[in-house]
A.B. asks: 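Please read through the structure below; I'll follow up with questions.
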Amino acid sequence: MCCARRRPHRGSACAILIRAAWFSRIRSAIGEPPLDGEAPRSGGGGAPASGEDAASHGAIVNDGASHPLSHAARDSSPIEGERGGYQFDVPLLDGDHVTDDAGTGFVHTAPGHGADDFVIWTKHFGQEGIPFTVDAEGKLTNQAPGFEGLEIIQLEGKNLGKDGPANKAVIEALIAAGALLARGQLKHQYPHSWRSKAPLIFRNTPQWFIALDKPFRDGKTLRQIALSEIERVDWGQHRWGAHKDYNRIKGMIEDRPDWLVSRQRAWGVPLAIFVRKSDGALLMDDAVDARIVDAMKQGGADVWWATPAQDFLGNDYKAEDFEKVEDILDVWFDSGSTHAFVLGDRDAPTRASFKNPEGVIYLEGSDQHRGWFHSSLLESCATRGRAPYDAVLTHGFAMDEEGKKMSKSVGNVVEPQKIAQQNGIEILRLLIASAEYGDDLRMGKTIIDQASETYRKLRNTLRYLLGALNGFEESERLPKGEETPLLERWLLHRLYELDGIVRKAYETFQFREAVSAIVEFCNVDLSAFYVDVRKDALYCDAPASVRRRACRSALDEVFSRLTAWLAPILPFTAEETWATRFPSEPSVHLRLFPETPAAWRDDFAGEEMARLREARAVVTGALEVARREKLIGAALEARPLVFVADESLRACLEAIDFAELCITSGINIKAGEAPADAFRLSETPGVAVVIEKAPGVKCARSWKYFDPASADPRYPDITPRDAEAVAAWDARHGAPLDARCGPVHKPGHGALWSFHLGNRVCARSDQQMAGAGRAEIQPARLPRGGGELPLPGNFPDLRSAHGLEPWHQLWPVPRR
RNA sequence: AGGCCCGUAGCUCAGUUGGUUAGAGCACACGCUUGAUAAGCGUGGGGUCGACAGUUCAAAUCUGUCCGGGCCUACCA
């Protein structure tokens with residue numbers, strides 16, 4: 001893309017390309033004969049004038065000198081004496097640029113005078129009879145008899161840019177002739193250089209064109225080839241049925257006039273052609289061409305100007321018989337030719353020579369329909385008979401928060417660099433990846449803050465996964481099988497579904513579909529449901545428990561995919577996460593998206609979990625009411641009574657641990673009629689919930705309420721499940737239980753108490769144990785970018801004693 | 001002025017061949033939790049689908065007009 005925007009290099013291959021000579025020169029205004037030196041496929045002699053045609057593009061010289069009164073008579077010699085040559089009719093034409101409410105609707109036409117007049121004239125008369133009254137120097141020519149050599153605008157000295165002598169001379173001549181009816185000054189803005197602000201004038205001048213409607217290749221015209229290539233290329237219409245880019249380029253190619261390729265500029269790539277002075281024929285001679293090509297290979301495109309014509313012409317032609325055309329080539333031709341050196345077939349370009357094994361996609365802003373996409377298409381269709389790309393992807397433009405274009409004078413410019421500095425480049429990437437980039441993109445505080453929050457959610461999820469997977473080993477892995485709980489079957493099924501969505505999204509460049517699917521998965525499936533439910537197993541189950549192993553195995557697959565799927569959008573975050581867990585592995589960016597086994601597809605688990613979650617929503621709704629009524633605080637304080645009318649749903653609920661899903665201490669599922677005041681949701685008829693307080697005592701470890709009579713005598717204040725885990729842990733570490741679970745079993749034993757939760761070690765102070773507070777080993781404030789976890793100063797032994805590994809290694813990003 | 005587009009909640013987006021009460025996430029408010037804590041969970045409010053007119057039993061969806069916005073219509077890339 002960038003090459004399309006760069007200034008052309010003079011040494012590029014473009015000058016060689018155009019020697020194919022499928023372009024021609026138009027000089028009809030001075031009645032030149034058709035150029036018989038042209039190749040058969042050249043054309044454009046009768047090119048319609050239009051916005052891209054000669055007269056409309058003049059830059060240097062004023063139209064003032066080609067005042068109608070100064071026109072040469074069309075049917076007589078242009079010069080008839082000192083003040084002669086001005087006796088002719090000026091046609092009055094019906095022009096679109098003059099309306100009948102602002103005037104008569106008719107134009108007193110001066111085709112050498114300006115673009116509109118040129119267009120209306122050529123519509124009626126072709127290019128016959130249009131004089132060239134101004135030369136390249138900005139001076140009147142001999143076709144303005146009596147005023148030859150006068151400057152329109154002064155090009156040098158202290159009055160640079162001011163009126164030259166021509167204007168005054170013409171006015172004086174009109175006065176002398178008694179033909180001046182009125183005079184006055186009008187200030188207007190239009191003809192100024194957009195860049196230098198210098199005044200401009202129009203002039204008409206001979207130009208070179210590439211014909212679009214002349215058959216040249218298998219009897220087809222350039223326009224026909226380009227149009228059929230537009231059908232082949234994927235502008236989005238094949239990928240996702242979006243026709244906007246296809247419509248736009250197609251309309252442009254259908255309607256455009258011949259390609260004006262010559263420019264009167266001091267710099268650029270020369271057309272590098274000779275025209276015979278006697279008849280205007282283009283010199284087509286392989287030996288001459290070879291000399292030009294060789295010289296350019298040696299010295300770049302500048303040699304065209306630096307080398308005498310005779311050196312190129314050799315012994316067969318005389319320099320004085322030829323005009324060495326010094327016009328340069330339209331710079332679009334340069335960028336349109338980029339494929340020639342990128343794809344490397346410039347020596348013998350043909351359709352077959354085009355090397356694009358992987359397919360070629362052009363990516364640029366949607367303004368390039370008029371630019372790079374366009375010129376590349378025409379140039380390549382002419383030289384290779386095919387478009388240089390197989391697909392085109394466009395994007396819109398960055399607007400301000402209101403959707404208005406950014407402008408320095410309005411002061412609504414949002415600079416990407418600032419977002420990168422203030423919020424981080426990943427946020428900007430995420431913002432763009434989640435937007436419909438084909439349309440315009442609004443930039444402002446709201447959307448940046450939003451992307452920021454989304455990023456934090458993703459980062460936090462990854463951070464949690466790192467903690468949850470700390471120490472995960474292959475021996476722990478539980479591949480999907482008969483032992484796999486429904487919850488994990490469902491999670492793998494979700495990964496299977498996501499795999500399809502994400503792959504398709506990337507393949508079709510619909511990045512926001514990948515982002516929204518991933519973000520929604522993290523929020524809705526992982527954070528609000530799966531992880532919330534599985535925290536109990538993760539923290540409290542014994543490491544060998546099937547449930548915990550299934551959970552960690554599934555989370556490992558989640559980790560593997562999330563890091564890969566996010567890598568293209570959040571390259572640094574994905575790498576940081578990956579490297580934190582696998583410091584010796586190659587970069588995350590060298591991975592492919594992990595293959596997802598088809599066996600993970602589990603429609604039964606998907607449907608079953610959908611029903612369960614619907615029923616769960618009724619329970620959480622009921623819990624919310626109980627909470628408002630101060631019956632409970634945490635959900636674990638409740639034991640809901642769930643009335644289920646539908647038998648199959650009831651079986652479904654009973655087949656699994658529904659309390660686990662609802663994160664309550666037990667649950668009672670009943671078939672009978674629910675009390676009238678039971679909680680119901682209109683979306684889920686047939687389910688009604690009454691919240692009861694959970695009986696029993698609170699487990700010191702898992703916080704679940706349980707019947708103390710069921711407790712292991714060795715661990716009276718924790719549930720049997722927790723007792724099993726603690727016993728296993730202690731057996732493995734060979735240390736007395738109460739040394740680490742002191743606060744649980746022997747309050748007041750010391751200043752610090754530790755106990756373990758799954759693979760983690762937690763600690764509390766006496767005060768905290770006595771009071772309500774509970775202090776886990778807090779992740780300390782670390783500089784961004786991570787680092788070693790420094791434990792609080794009073795915990796040094798704890799860490800070494802228990803082999804505590806830092807698991808908060810991916811640090812949160814401060815909210816801004 | 002013409003060509004190609006865009007307009008659904010405060011924001012980013014879904015919304016199938018027209019068919020239940022227009023959805024999701026974020027944001028916001030309230031509550032819970034304090035073992036993801038610069039975190040986490042729950043509940044809730046919020047939309048005359050840019051406006052108007054038409055076609056239809058039925059329109060965010062089809063048609064027309066208008067309003068607002070963008071790109072292009074450069075001897076800028």
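Because the structure is a prediction, the values reported are computed rather than measured.
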A.B. asks: In whole Å, what separates the P atom of B:G18 from that of B:A59?
C.D. replies: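 Each nucleotide's P atom is 13 Å from the other's.
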A.B. asks: Nearest-Å distance, CD1 (A:Ile501) to C1' (B:C13)?
C.D. replies: 15 Å
A.B. asks: On the side chain of A:Arg248, is there an atom forming a donor-acceptor pair with the base of B:C71 - under 3.5 Å, no angle test?
C.D. replies: yes
A.B. asks: Quote, to the nearest angstrom, the C1' distance that separates B:G15 from B:A9.
C.D. replies: 14 Å
A.B. asks: Could you check how far NZ of A:Lys535 sits from C1' of B:G42, rounded to whole Å?
C.D. replies: 13 Å
A.B. asks: So what does A:Val524 hit on the nucleic acid, given a heavy-atom distance under 4.0 Å: a base, only sugar-phosphate, or nothing?
C.D. replies: sugar-phosphate
A.B. asks: Between B:G25, B:G42, B:A36, which one does the side chain of A:Val519 approach most closely?
C.D. replies: B:G25
A.B. asks: For A:Phe373 and A:Tyr362, take the angle between the two ring planes, folded into 0 to 90°, and tell me which bin it lands in: parallel under 30, tilted 30 to 60, perpendicular over 60.
C.D. replies: tilted
A.B. asks: How do A:Asp532 and A:Thr461 order along RNA chain B: which one's closest nucleotide is nearer the 5' end?
C.D. replies: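 Nearest nucleotide further toward 5': that of A:Thr461.
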A.B. asks: Roughly how far apart are A:Ile518 CD1 and A:Leu526 CG, rounded to 0.5 Å?
C.D. replies: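 Those atoms lie 11.5 Å apart.
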A.B. asks: Does B:C5 have its OP1 or OP2 closer than 4.0 Å to a side-chain nitrogen or oxygen of A:Asn247?
C.D. replies: yes
A.B. asks: Of the nucleotides B:C76, B:G40, B:G42, which one has an atom closest to the side chain of A:Thr620?
C.D. replies: B:G42
A.B. asks: Which nucleotide in the set B:C76, B:C72, B:A36 lies at the smallest distance from any side-chain heavy atom of A:Met252?
C.D. replies: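 Shortest atom-to-atom distance from the side chain points to B:C72.
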A.B. asks: Do A:Glu401 and A:Thr446 have side-chain N/O donor and acceptor atoms under 3.5 Å apart?
C.D. replies: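 Indeed, the side chains of A:Glu401 and A:Thr446 share at least one donor-acceptor pair under 3.5 Å.
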A.B. asks: Quote, to the nearest angstrom, the C1' distance that separates B:G44 from B:A27.
C.D. replies: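 One C1' to the other, the span is 14 Å.
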A.B. asks: With the side chain of A:Glu436 defined as its heavy atoms from C-beta on, choose the nearest nucleotide among B:G40, B:C13, B:G42.
C.D. replies: B:C13
A.B. asks: Could you tell me how far B:G31 sits from B:G25 if I compare only their P atoms? Round to whole Å.
C.D. replies: 22 Å
A.B. asks: Looking only at atom P, what distance separates B:A22 and B:C28, rounded to whole Å?
C.D. replies: 26 Å
A.B. asks: Picking from B:U12, B:C26, B:A36, which would you name as closest to the side chain of A:Arg442?
C.D. replies: B:U12
A.B. asks: When all nucleic acid strands are considered with a 4.0 Å heavy-atom cut-off, which category describes A:Glu520: base, sugar-phosphate, or nothing?
C.D. replies: sugar-phosphate
A.B. asks: Please work out if A:Thr446 contacts a base, only the sugar-phosphate, or nothing of the nucleic acid, heavy-atom cut-off 4.0 Å.
C.D. replies: sugar-phosphate
A.B. asks: How close or far is atom C1' of B:A24 from atom CD of A:Glu683, stated in whole angstroms?
C.D. replies: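 Distance, rounded to whole Å: 15 Å.
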A.B. asks: Can you tell me the distance, in whole Å, between the CG atom of A:Asp525 and the P atom of B:G25?
C.D. replies: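 Rounded to the whole Å, the gap is 11 Å.
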A.B. asks: Check every strand shown and say whether A:Thr454 touches a base, only sugar-phosphate, or nothing at a heavy-atom separation below 4.0 Å.
C.D. replies: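 Since no nucleic acid heavy atom lies under 4.0 Å of A:Thr454, the category is nothing.
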A.B. asks: Using ring centroids (six-membered ring only for Trp), state whether A:Phe333 and A:Trp259 fall under 6.0 Å.
C.D. replies: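 They qualify: ring centres under 6.0 Å apart.
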A.B. asks: Just call it for A:Lys630: base, sugar-phosphate, or nothing, with non-hydrogen atoms closer than 4.0 Å on any strand.
C.D. replies: sugar-phosphate
A.B. asks: By the 4.0 Å heavy-atom rule, please label A:Ser262 as base, sugar-phosphate, or nothing.
C.D. replies: nothing
A.B. asks: Classify the nucleic acid contact of A:Gly403 as base, sugar-phosphate or nothing, counting any heavy atom under 4.0 Å across all strands shown.
C.D. replies: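 Sugar-phosphate only.
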A.B. asks: Taking only the side-chain heavy atoms of A:Lys457 (C-beta and beyond), determine which of B:C41, B:C5, B:C71 contains the nearest atom.
C.D. replies: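 Nearest to the side chain of A:Lys457 among the choices is B:C41.
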A.B. asks: Could you give the distance separating B:C30 and B:C67 at their P atoms, to the nearest angstrom?
C.D. replies: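 Here B:C67 and B:C30 have their P atoms 44 Å from each other.
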A.B. asks: With the side chain of A:Gln450 defined as its heavy atoms from C-beta on, choose the nearest nucleotide among B:U12, B:C71, B:G40.
C.D. replies: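 Minimum distance to the A:Gln450 side chain belongs to B:U12.
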A.B. asks: Out of B:G42, B:C75, B:C11, which nucleotide sits closest to the side chain of A:Ala528?
C.D. replies: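 Nucleotide nearest to A:Ala528's side chain: B:G42.
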A.B. asks: In whole angstrom, give the distance that lies between atom NE2 of A:His369 and atom C1' of B:C5.
C.D. replies: 10 Å
A.B. asks: Cation over ring, A:Arg581 on A:Phe559, under 6.0 Å and within 45°?
C.D. replies: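 Relative to the ring axis of A:Phe559, which defines the angle, A:Arg581 lies inside both limits.
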A.B. asks: Does a salt bridge link A:Asp400 with A:Lys404, judged by any charged N lying under 4.0 Å from a carboxylate O?
C.D. replies: no
A.B. asks: Whole Å only: how far is the CD atom of A:Gln368 from the C1' atom of B:C71?
C.D. replies: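 The distance from CD of A:Gln368 to C1' of B:C71 comes to 11 Å, rounded to the nearest Å.
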A.B. asks: Please report the distance, rounded to the nearest Å, between CG in A:Asp439 and P in B:G68.
C.D. replies: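 It works out to 20 Å between those atoms.
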A.B. asks: Taking atom P in both B:U8 and B:A14, compute the distance separating them and give it to the nearest angstrom.
C.D. replies: 11 Å
A.B. asks: Considering heavy-atom distances to RNA chain B, does A:Lys405 or A:Phe529 have its closest nucleotide positioned more toward the 5' end?
C.D. replies: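 Mapping each residue to its closest nucleotide by heavy atoms, the 5'-most match is A:Phe529.
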A.B. asks: What interatomic distance, in whole Å, is found between P of B:G40 and the corresponding atom of B:A36?
C.D. replies: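 Looking at atom P only, B:A36 and B:G40 are 10 Å apart.
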A.B. asks: Mind checking A:Glu402 for me? I need base, sugar-phosphate or nothing, with any heavy atom below 4.0 Å counting as a touch.
C.D. replies: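 Nothing, no heavy atom under 4.0 Å.
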A.B. asks: Is the distance from OP1 or OP2 of B:G2 to the nearest side-chain N or O of A:Arg256 less than 4.0 Å?
C.D. replies: no
A.B. asks: Taking the side chain of A:Cys540 as heavy atoms from C-beta outward, which of B:C71, B:C11, B:G35 is closest to it?
C.D. replies: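 Selected nucleotide (nearest to the side chain): B:G35.
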A.B. asks: Taking OH from A:Tyr455 and P from B:U12, how many angstroms apart are they, rounded to a whole number?
C.D. replies: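 These atoms are roughly 22 Å apart.
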A.B. asks: Contact class for A:Gly251 (heavy atom, under 4.0 Å): base, sugar-phosphate, or nothing?
C.D. replies: nothing
A.B. asks: Is the ring centre of A:Trp703 under 5.5 Å from the base ring centre of B:G35, and are the two planes under 30° apart, so that they stack?
C.D. replies: yes
A.B. asks: Do NZ/NE/NH1/NH2 and the carboxylate oxygens of A:Asp536 and A:Lys704 come within less than 4.0 Å?
C.D. replies: yes
A.B. asks: Please determine if A:Arg613 forms a cation-pi arrangement with A:Phe529, meaning its NZ or CZ atom is less than 6.0 Å from the six-membered ring centre and no more than 45° off the ring axis.
C.D. replies: yes
A.B. asks: Of the options B:U43, B:G70, B:C75, whose atoms approach the side-chain atoms of A:Arg628 most closely?
C.D. replies: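 Shortest atom-to-atom distance from the side chain points to B:U43.
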